[in-house]
Amino acid sequence: MARNYWLVKTEPDCYNIDQLVRDKRTGWGGVRNYQARNFMRDGMKVGDGVLFYHSSCEPPHVAGIARVSKPAHPDPTQFDPKDDHYDPKSQKDDPQWMQVELEFVEKFADPVSLDELRSEPALAKMRLLQRGNRLSVMPVEASEWELVLKLGGAKKG
DNA sequence: GCCAACGTTGGC
DNA sequence: GCCAACGTTGGC
């Protein structure tokens with residue numbers, strides 16, 4: 001089966017692509033939205049491509065790409081009372097929240113700003129660009145993936 | 001810092 | 001099960 005494509009958001013003050021470069025792989029934990037969780041749990045497969053988006057910065061931009069390196073498994077932060085994402089309602093035998101593991105692939109030579117994305121007619125339907133979109137994990141069409149990689153000057157994919 | 005958009009919560 | 005209140009996201 002062909003692989004699928006996704007976009008994940010992160011605030012660079014919190015976690016950014018340079019940290020992913022150093023970490024090489026990281027558990028994408030702390031997502032506390034059911035729709036986003038369901039995309040990770042039901043949609044993401046090992047090898048899927050991931051656009052790595054930096055939000056709440058100037059300008060917001062796609063910083064590079066990653067790939068799914070481990071399928072959905074319980075997010076450990078939900079069980080940790082000291083973690084910001086602790087969820088007291090979540091029990092070990094019935095976890096509410098899942099994460100995947102992401103592996104660094106490439107940092108874009110030319111980060112693609114939100115303005116650039118909006119200026120591309122072929123990206124008009126991109127989920128990220130729909131008004132009021134607040135999902136932190138969302139699917140990306142193959143054609144959108146190809147174009148964003150081209151805009152970013154990506155060598156891999 | 002503002003605020004629109006949206007998800008979640010909880011009273012009824 | 002409705003919906004108002006509240007909290008969060010994220011661009012600007």
Side-chain angles (χ1 to χ4, degrees), chain A residues 4-21 23 26-44 48-68 72-102 104-141 143-154:
Chain A
N4 291 311
Y5 302 100
W6 309 91
L7 179 146
V8 301
K9 292 179 188 170
T10 178
E11 299 192 17
D13 287 349
C14 178
Y15 191 86
N16 60 51
I17 198 161
D18 291 320
Q19 284 168 274
L20 185 60
V21 170
D23 295 344
T26 191
W28 206 249
V31 174
R32 294 293 179 267
N33 170 284
Y34 290 105
Q35 216 180 339
R37 177 202 66 185
N38 294 348
F39 284 135
M40 289 197 288
R41 186 188 61 191
D42 307 330
M44 283 181 153
D48 281 0
V50 178
L51 297 176
F52 200 89
Y53 180 81
H54 285 168
S55 67
S56 294
C57 55
E58 189 51 47
H61 61 278
V62 180
I65 51 182
R67 81 163 66 90
V68 178
H73 54 281
D75 173 353
T77 65
Q78 69 194 307
F79 304 122
D80 180 0
K82 293 187 292 296
D83 192 280
D84 285 347
H85 303 286
Y86 175 59
D87 183 351
K89 296 191 297 298
S90 206
Q91 301 303 316
K92 281 263 165 99
D93 57 0
D94 184 25
Q96 301 299 299
W97 304 108
M98 307 292 274
Q99 65 177 19
V100 295
E101 183 187 77
L102 300 182
F104 174 73
V105 174
E106 181 174 5
K107 199 170 156 177
F108 281 165
D110 307 304
V112 185
S113 73
L114 184 59
D115 279 351
E116 286 178 80
L117 295 172
R118 289 198 196 284
S119 71
E120 288 290 337
L123 298 179
K125 289 187 177 163
M126 207 177 170
R127 199 154 177 156
L128 176 73
L129 305 182
Q130 305 312 306
R131 75 191 295 255
N133 185 340
R134 290 171 26 184
L135 271 179
S136 62
V137 178
M138 70 189 85
V140 171
E141 297 297 326
S143 61
E144 297 165 349
W145 168 266
E146 296 295 340
L147 181 50
V148 174
L149 262 61
K150 190 176 149 195
L151 295 170

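Here is how names work: the chains are called A, B, and so on, in the same order as the sequence lines, proteins then strands, and each is numbered from 1. Predicted model only: the values in this text are computed from it and were never measured.
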Got a list of protein N/O to nucleotides 8-12 of chain C N/O distances below 3.5 Å?
from	atom 1	to	atom 2	distance (Å)
C:dT8	O2	A:R134	NH1	3.2
C:dT8	O2	A:R134	NH2	3.3
C:dG10	OP1	A:K9	NZ	2.7
C:dG10	OP1	A:R134	O	3.2
C:dG11	OP1	A:Y53	OH	2.7
C:dG11	OP2	A:S56	N	3.0

[X] and [Y]: side-chain donor and acceptor closer than 3.5 Å?
X: A:H73; Y: A:Q99; answer: yes
X: A:R134; Y: A:S55; answer: no
X: A:S113; Y: A:D115; answer: no

Measure CZ/A:R127 against C1'/B:dC6 and give the value in whole Å, please. 13 Å
Nearest-Å distance, CD (A:Q35) to P (B:dA5)? 18 Å
4.5 Å side-chain heavy-atom contact, A:L51 and A:I65: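 SC-SC contact between A:L51 and A:I65 confirmed.
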Please answer whether the main-chain N or O of A:Y15 pairs with a side-chain N or O of A:T10 as donor and acceptor at a distance below 3.5 Å.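 Yes; judged by distance alone, with no hydrogens or angles, the pair exists.
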